[in-house]
A.B. asks: 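Structure below; questions to follow.
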There are 2 protein chains.
Amino acid sequence: MITIQELSKQCGVSVSTVSKALNGYSDISDKTRELVIKTANEMGYFPNANARALKLKKTFNIGVLFTTHTTMGLRNDYFAHVLSAFKEESAKKGYDITFIENYIGRRKMTYLEHCQFRHFDGVCIVCADYEDQEVVSLASSDFPVVTIDYAFNKTNSIISDNYGGMKQLTNYIIQQGHTKIAYIHGVKTLVTKNRIEGYLSAMADNKVKVPKEYVIEGLYRNPVLTEELAAQLLAMPNRPTCIIAPDDQSAVGVINAIRKQGLQVVKDVSVAGYDGLESQQMIGVRLTTVKQERDNIGKEASRRLVEMIENPQETSPEKIFMKQTLLIGNSVKKLHHI
Amino acid sequence: MITIQELSKQCGVSVSTVSKALNGYSDISDKTRELVIKTANEMGYFPNANARALKLKKTFNIGVLFTTHTTMGLRNDYFAHVLSAFKEESAKKGYDITFIENYIGRRKMTYLEHCQFRHFDGVCIVCADYEDQEVVSLASSDFPVVTIDYAFNKTNSIISDNYGGMKQLTNYIIQQGHTKIAYIHGVKTLVTKNRIEGYLSAMADNKVKVPKEYVIEGLYRNPVLTEELAAQLLAMPNRPTCIIAPDDQSAVGVINAIRKQGLQVVKDVSVAGYDGLESQQMIGVRLTTVKQERDNIGKEASRRLVEMIENPQETSPEKIFMKQTLLIGNSVKKLHHI
DNA sequence: CTGAAAGCGCTTACAG
DNA sequence: CTGAAAGCGCTTACAG
């Protein structure tokens with residue numbers, strides 16, 4: 001790997017001059033600058049990021065906390081998209097992405113210690129257990145931090161407006177004349193709670209009563225369980241006219257339950273989903289669903305973080321809500337008795 | 001951030017001694033060592049990775065090439081799993097993961113240059129365009145490189161045995177008495193070609209003729225298109241008794257096509273998938289499919305790479321085939337006329 | 001067992 | 001316009 005000294009020898013100028021020429025200082029003659037740059041290209045010179053980081057105290061490297069336990073993390077489609085967009089946007093701004101771990105080899109290291117070790121310029125907490133003490137310390141550290149779908153006092157946060165999205169969806173279904181609307185929701189995370197509130201709020205706004213049995217807990221991305229739960233709903237004397245699934249994938253389960261009951265999808269029972277995945281737009285019906293702006297979330301998170309890194313004084317912690325948009329398909333029937 | 005000098009002042013010993021105590025050199029008295037370590041913990045000392053890297057010429061950082069264009073990359077479930085496992089295994093061995101880009105801010109930088117810039121200890125090419133000249137240069141560079149699902153001469157490669165997996169699946173279907181087996185495959189990547197060969201080879205081994213119309217090109221993870229293509233197959237005078245979908249997700253499309261034709265899944269037409277995703281084990285039938293050992297691929301890739309990094313002389317480029325396992329569900333009917 | 005010194009590759013005030 | 005020098009935080013041969 002060729003260094004700045006070899007370049008300087010080759011060009012017959014001092015190391016300082018080479019450095020300045022390379023970094024575009026103005027007090028270097030055009031002749032020298034051109035010579036240096038030309039030689040650098042010829043010799044395939046590239047600076048050593050570690051040396052530069054040591055001197056500048058800036059690594060152009062962003063730490064990303066991305067827990068991969070169980071069903072979370074990269075293996076989760078939503079977060080994978082967010083990360084992907086975050087990575088692309090950050091690269092555009094000149095920053096690399098490194099994952100934060102809490103052990104390095106056999107040595108235990110907290111998330112915060114890992115960040116100090118690597119001297120990241122900033123940190124993005126994409127997906128983590130926000131109750132975890134280590135995560136809390138990281139979020140309240142001196143690092144510029146942006147969090148996704150969760151707000152700490154001190155950090156910027158990008159939050160997907162699940163409350164608003166669900167409310168829109170429910171309102172739409174009510175407008176189609178439905179009042180018996182059941183909601184099979186996922187495990188009760190913060191995201192889920194917000195969605196339930198959005199649902200209840202839309203119902204209340206429209207003075208529609210919600211029988212307790214209409215709101216039941218299932219699992220995300222689990223069509224099998226969703227099918228079972230939907231079957232229970234359909235077996236009720238007071239059968240709902242519309243069932244909202246935890247997400248688009250699970251909506252397949254609802255559809256199967258309806259068909260197995262000898263009923264027709266849409267005609268007899270309407271269905272709605274959540275996520276707006278292109279790949280799920282199928283199943284014979286076009287699912288009415290809510291589209292999450294996953295790519296925008298990642299992008300916006302990166303923009304915010306770079307802003308904090310480069311203009312630390314001007315940026316104060318903020319919560320940014322990302323709108324979700326209603327995608328109207330043909331899976332919710334318009335009822336006539338209104 | 002506290003440094004080794006401050007530690008040395010606090011302990012009343014020299015910087016050299018502190019360094020050695022921290023790094024477990026044997027020529028340090030127990031007393032001194034304990035004092036240093038205790039103080040380090042109290043003061044929350046952590047080494048500066050950049051300074052250390054500069055001196056040791058070792059960064060404990062692995063570059064990962066992970067193209068995120070279009071349908072590839074993180075947004076693809078298969079690669080997301082592989083990466084996830086790679087990341088976890090590497091952390092266990094003490095290495096961080098940083099994504100490789102080919103631009104840094106506005107400045108164009110080839111993949112190789114980026115690796116030189118960051119001084120990665122090794123590189124894993126998880127998912128990339130292997131025809132791309134930049135990828136080729138990286139693979140043939142002096143960096144320890146491991147590639148996934150593609151083999152260069154010079155690199156170690158972890159290759160999912162798609163040929164063998166597909167052959168197993170096809171053999172199983174033939175054993176159930178089927179001879180009219182259609183295969184809707186994905187776009188013709190190397191992976192797809194291997195699967196087609198596996199399919200053809202099983203058919204040939206069993207002396208089953210394959211009508212040209214039975215092998216048709218579709219798209220991965222696209223139930224809508226798959227449904228259309230399956231409908232075409234079902235409309236043929238010489239209708240297949242079993243249809244293999246590009247993957248588990250697309251298999252839903254095949255199932256829909258069968259139902260819409262007024263036929264019964266399994267009873268009239270059998271179905272098989274590919275991938276072995278838990279989330280797809282549903283749809284009323286348990287899909288017979290092939291399970292890809294995604295997590296093992298990532299893990300093995302990491303093990304190999306770390307091996308190359310730490311014992312460069314002992315490791316020579318190797319292709320490692322990862323077995324795929326047949327998952328027998330109930331979506332392939334046993335035919336009696338054999 | 002301990003410490004002074006050199007050096008990893010870079011940047012930047014400062015002097016000329 | 002150019003260059004000598006100091007220093008970023010660490011490690012390690014070498015001397016004592």
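The analysis underlying the following values was restricted to heavy atoms, covering all of them including side chains, and did not include hydrogens, waters or symmetry mates. Chain naming here is simple, since letters A, B, ... match the order of the sequence lines and numbering starts at 1 in each.
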A.B. asks: Base, sugar-phosphate, or nothing for A:S29, non-hydrogen atoms under 4.0 angstrom?
C.D. replies: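 Touches sugar-phosphate only.
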
A.B. asks: Please give, in whole Å, the distance from C:dC10 C1' to A:Y45 OH?
C.D. replies: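 Nearest whole value for this atom pair: 7 Å.
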
A.B. asks: About how many Å separate OG1 of B:T3 and CE of B:M43, when rounded to the nearest 0.5 Å?
C.D. replies: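 Answer for the CE-OG1 pair, B:M43 versus B:T3, is 8.5 Å.
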
A.B. asks: In this structure, how many angstroms lie between the P atom of C:dT12 and the CG atom of A:D27, rounded?
C.D. replies: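 Going from CG in A:D27 over to P in C:dT12 covers 12 Å.
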
A.B. asks: If you check the A:I28 side chain, which of D:dT2, D:dG3, C:dA4 turns out closest?
C.D. replies: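 Among the listed nucleotides, the one closest to the side chain of A:I28 is D:dT2.
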
A.B. asks: May I ask which nucleotide in the shown strands pairs with C:dA13, Watson-Crick or G-U wobble, both distances under 3.5 Å?
C.D. replies: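 Partner of C:dA13: none.
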
A.B. asks: With the side chain of A:P47 defined as its heavy atoms from C-beta on, choose the nearest nucleotide among D:dC8, C:dC10, D:dC10.
C.D. replies: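 Nearest listed nucleotide: C:dC10.
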
A.B. asks: The side chain of A:S16 is closest to which nucleotide in this list: C:dC10, C:dC1, D:dA4?
C.D. replies: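 Nearest to the side chain of A:S16 among the choices is D:dA4.
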
A.B. asks: Please work out which of the three classes, parallel, tilted or perpendicular, describes the rings of B:Y95 and B:F60, given edges at 30° and 60°.
C.D. replies: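 The rings of B:F60 and B:Y95 sit tilted, inter-plane angle from 30° to 60°.
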
A.B. asks: Would you tell me if any nitrogen or oxygen in the side chain of A:S19 comes within less than 4.0 Å of OP1 or OP2 on C:dT11?
C.D. replies: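 Yes, because at least one side-chain N or O of A:S19 sits under 4.0 Å from OP1 or OP2 of C:dT11.
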
A.B. asks: Quick one: B:Q116 CD to C:dC8 P, roughly how many Å, whole number?
C.D. replies: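 It works out to 19 Å between those atoms.
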
A.B. asks: How is B:T3 classified with respect to the nucleic acid when contacts are heavy atoms under 4.0 Å: base, sugar-phosphate, or nothing?
C.D. replies: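 Here B:T3 touches the backbone only, sparing every base.
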
A.B. asks: Classify the ring geometry between A:F79 and A:F66 as parallel (under 30°), tilted (30 to 60°) or perpendicular (over 60°).
C.D. replies: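 Geometry flag for A:F66 against A:F79: perpendicular rings.
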
A.B. asks: Atom CD1 of A:I158 and atom NZ of A:K299: how far apart are they, to the nearest 0.5 Å?
C.D. replies: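 Output value for this atom pair is 13.5 Å.
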
A.B. asks: In this structure, how many angstroms lie between the P atom of D:dT12 and the CG atom of B:L54, rounded?
C.D. replies: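 Going from B:L54 (CG) to D:dT12 (P), I get 13 Å.
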
A.B. asks: Please give, in whole Å, the distance from D:dC8 P to A:R52 CZ?
C.D. replies: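 Checked: the CZ to P distance equals 19 Å.
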
A.B. asks: From the set D:dG7, C:dC8, C:dT12, return the single nucleotide nearest to any side-chain atom of A:K55.
C.D. replies: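 Minimum distance to the A:K55 side chain belongs to D:dG7.
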
A.B. asks: Just to be sure I understand the rule, does A:N50 reach a base, reach only the sugar-phosphate, or reach nothing, if contact means heavy atoms closer than 4.0 Å?
C.D. replies: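 A:N50: no heavy atom of the nucleic acid under 4.0 Å.
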
A.B. asks: Please report, rounded to the nearest Å, how far the P atom of D:dG7 is from the CG atom of A:L56.
C.D. replies: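 These atoms are roughly 17 Å apart.
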
A.B. asks: Which residue, B:V13 or B:K57, contacts DNA chain C at a nucleotide closer to its 5' end, judged by nearest heavy atom?
C.D. replies: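 Closest to the 5' end, via its nearest nucleotide, is B:V13.
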
A.B. asks: Expressed as a whole number of angstroms, how long is the span from A:Q5:CD to D:dA4:C1'?
C.D. replies: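 Interatomic distance, CD of A:Q5 to C1' of D:dA4: 13 Å.
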
A.B. asks: Classify A:T17 by what it touches in the nucleic acid, base, sugar-phosphate, or nothing, heavy-atom distance under 4.0 Å.
C.D. replies: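 It contacts base atoms.
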
A.B. asks: How is B:K20 classified with respect to the nucleic acid when contacts are heavy atoms under 4.0 Å: base, sugar-phosphate, or nothing?
C.D. replies: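 The residue B:K20 makes base contact.
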
A.B. asks: For B:Y130 and B:Y150, take the angle between the two ring planes, folded into 0 to 90°, and tell me which bin it lands in: parallel under 30, tilted 30 to 60, perpendicular over 60.
C.D. replies: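 Plane angle under 30°, so parallel.
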
A.B. asks: Determine whether the aromatic ring centres of residues B:F86 and A:F99 are separated by less than 6.0 angstrom.
C.D. replies: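 They do not qualify: ring centres at least 6.0 Å apart.
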
A.B. asks: A:Y25 OH to D:dG3 P: how many Å, rounded?
C.D. replies: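 Going from OH in A:Y25 over to P in D:dG3 covers 16 Å.
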
A.B. asks: At less than 4.0 Å, is any side-chain N or O atom of A:K31 found next to OP1 or OP2 of D:dC1? Yes or no.
C.D. replies: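 False: A:K31 side-chain N/O out of range (4.0 Å or more) of D:dC1 OP1/OP2.
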
A.B. asks: Is A:N48 touching bases, backbone alone, or none of the nucleic acid, heavy atoms closer than 4.0 Å?
C.D. replies: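 Here A:N48 touches the backbone only, sparing every base.
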
A.B. asks: Which nucleotide in the list C:dT12, C:dC10, C:dA4 gets nearest to the side chain of A:I4?
C.D. replies: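 Looking only at side-chain atoms, A:I4 lies closest to C:dC10.
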
